[in-house]
Amino acid sequence: MRFWLQGGVSGLVPCGSNGEAPYLTRQERAKVIETVLDEANGKVPVVAGTGSMSTQETIAFTKDAADLGVDAALIVTPFYFRLTNREIHEHYRTVSEAVDLPIVVYNVPKFTGFSLEPASIHKLASENQSVIGVKDSSGSLGTISEIMRLVGNRLSVLAGTADIALPTLLAGGRGAVIAVANVFPTLCSRLYKAFKKGQYEEASRLQNRITFANEILVRRFNQLSAIKEAMRLRGMPGGYPRRPALPLNGEEKKTVEALLKEIDEPLNARGHQNR
């Protein structure tokens, strides 16, 4: 927690995908969220992942998070069974009516097998004032651009994949919730700050590094295992991935170690020269 806050992140998302939320019990989720809130202590917003396969369980998780005092809930589209748009809309409506908490809709087709269309997101935003944002992890800038065209300033649109963090900001998005920020919070926060200052060449240089990190940590390996290994190498051990995920093997660990050396050393050297 302190590592991320010192790295300059703008918010924290306990019990997201990289927090292995689908593998956690209700009690474990609550404990994680409580711990994050205690350490954050109001310094940054805390948006807790509370989505689940059923509406009933999603309501229970979201009520727990609301009672603990989070700022908003990140609610993934229900998964496992194939659902219609009408069923998805009814799911979010029911949750929002049951719990008084702002909701960020989470679209992550690679995990759920379902892609929430921009028109559906627009309908959700139009009919439900509790929906304040969307994290889109489709990886498609075209999809994100269409969401922003439809919702305008009504929702905060967040990139969910690291390789389009800067393009999303340039297209009018508000930020990103990305896996590599666990390992490289300073790098990611520097990109956001460079963008806000209009330093687009610097932001582009940082985006290239983030994209490279994403290619190794998220695309090449099981990201739960790769991120934990990268955190361990940074002196921030996060334990082992929960089964069925397994730790990386020897060769995979060497690849992650090489990534850290390639990204960290130039940035650290540059930072030292600038002090």
Side-chain angles (χ1 to χ4, degrees), residues 1-24 32 36 49 74 76 106-112 135-141 144 158-169 175-192 203-268:
M1 284 288 300
R2 292 166 191 161
F3 169 70
W4 293 323
L5 290 170
Q6 289 166 5
V9 299
S10 304
L12 294 159
V13 185
C15 299
S17 296
N18 298 287
E20 300 172 283
Y23 294 163
L24 303 182
V32 168
V36 170
L74 178 70
V76 68
Y106 183 16
N107 182 43
V108 56
K110 72 174 184 177
F111 291 151
T112 65
K135 175 190 174 184
D136 186 87
S137 296
S138 66
S140 168
L141 183 60
I144 287 177
L158 307 170
T161 50
D163 48 358
I164 59 170
L166 179 58
T168 297
L169 289 169
V177 181
I178 48 180
V180 297
N182 287 284
V183 183
F184 302 108
T186 302
L187 183 65
C188 295
S189 64
R190 283 177 59 189
L191 181 150
Y192 181 72
S204 180
R205 188 183 73 84
L206 294 166
Q207 175 65 71
N208 289 340
R209 291 184 177 277
I210 289 170
T211 299
F212 175 53
N214 189 70
E215 179 63 31
I216 301 297
L217 296 177
V218 176
R219 294 185 182 274
R220 186 171 301 186
F221 304 128
N222 181 328
Q223 66 189 72
L224 301 179
S225 308
I227 288 171
K228 283 182 180 290
E229 177 62 20
M231 293 295 288
R232 184 188 70 80
L233 290 168
R234 298 213 67 178
M236 302 287 164
Y240 298 97
R242 181 159 286 186
R243 287 174 180 263
L246 295 172
L248 299 184
N249 64 33
E251 286 302 311
E252 292 167 340
K253 289 180 179 180
K254 288 179 182 177
T255 302
V256 173
E257 186 173 9
L259 163 71
L260 263 63
K261 287 181 178 178
E262 182 165 344
I263 288 186
D264 277 2
E265 287 178 356
L267 287 174
N268 287 342

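To the nearest 0.5 Å, the span separating CD1 on I144 from CG on D136 amounts to 4.5 Å. The line from CH2 of W4 to CG of N182 is 5.0 Å long, rounded to the nearest 0.5 Å. For the atom pair CZ (F212) and CD (Q207), the distance works out to 14.0 Å, reported to the nearest 0.5 Å. If you take CD on E229 and CD on E257, they are separated by 8.0 Å, rounding to the nearest 0.5 Å. Rounding to the nearest 0.5 angstrom, the gap separating the CD atom in E252 from the CZ atom in F221 is 5.0 Å.
Taking K254 as the reference, E251 meet the salt bridge (charged side-chain N to carboxylate O under 4.0 Å, His left out) condition, with sequence neighbours excluded. For the side-chain contact (heavy atoms from CB on, under 4.5 Å) test, residues two or more places apart in sequence or in another chain that qualify with A213 are V180, F184, L259, I263. For L169, the side-chain contact (heavy atoms from CB on, under 4.5 Å) partners at least two apart in sequence or on another chain are L191, Y192, F195. Taking A258 as the reference, nothing meets the side-chain contact (heavy atoms from CB on, under 4.5 Å) condition, with sequence neighbours excluded. With sequence neighbours left out, the side chain to side chain donor-acceptor pair (under 3.5 Å) criterion links R2 to E39. Every side-chain contact (heavy atoms from CB on, under 4.5 Å) that A230 has, sequence neighbours left out, goes to V183, L217, V256, L260. S10 pairs by the side chain to side chain donor-acceptor pair (under 3.5 Å) definition with nothing, not counting sequence neighbours. Partners of S189 by side chain to side chain donor-acceptor pair (under 3.5 Å), not counting sequence neighbours: none found. Not counting sequence neighbours, the partners of R219 by the side chain to side chain donor-acceptor pair (under 3.5 Å) test are D163.
Here the closest heavy-atom approach between residue V9 and residue P185 is recorded as CG1-CB, 3.8 Å. The two atoms that bring A245 and L224 nearest to each other are CB-CD1, 4.4 Å, heavy atoms only. P241 approaches P247 most closely through the heavy-atom pair CG-N, 3.8 Å. Nearest heavy-atom pair, V177 versus K135, reported as atom, atom and distance to 0.1 Å: O-CE, 3.1 Å. Closest approach of S137 to G160, counting heavy atoms only: OG-CA, 3.2 Å. Of all heavy-atom pairs spanning L233 and K253, the tightest one is CD1-O, 4.5 Å.
Using a 4.5 Å heavy-atom cutoff, the side chains of S204 and L166 are in contact. Considering only heavy atoms from C-beta on, C188 comes within 4.5 Å of I210 through its side chain. Looking only at side-chain heavy atoms (C-beta outward), N214 and T161 stay at 4.5 Å or farther from each other.
Residue pairs that meet the salt bridge (charged side-chain N to carboxylate O under 4.0 Å, His left out) test with at least one member in residues 4-15, sequence neighbours left out, do not exist here. Among pairs with a residue in residues 176-188, none fulfils salt bridge (charged side-chain N to carboxylate O under 4.0 Å, His left out), at least two apart in sequence or across chains.
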Please list, one pair per line, the donor and acceptor atoms closer than 3.5 Å that link side chains of residues 11-24 to other protein atoms, with sequence neighbours excluded.
residue	atom	partner	partner atom	Å
S17	OG	Y106	OH	2.8
N18	OD1	Q223	NE2	2.7
E20	OE1	K228	NZ	3.3
E20	OE2	R242	N	2.8

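Around CZ of F111, the count of heavy atoms belonging to other residues, nucleotides or ligands within 6.0 Å exceeds 12.
Of the possible donor and acceptor atoms, one in the side chain of S225 sits under 3.5 Å from a partner among the backbone N and O of L246.
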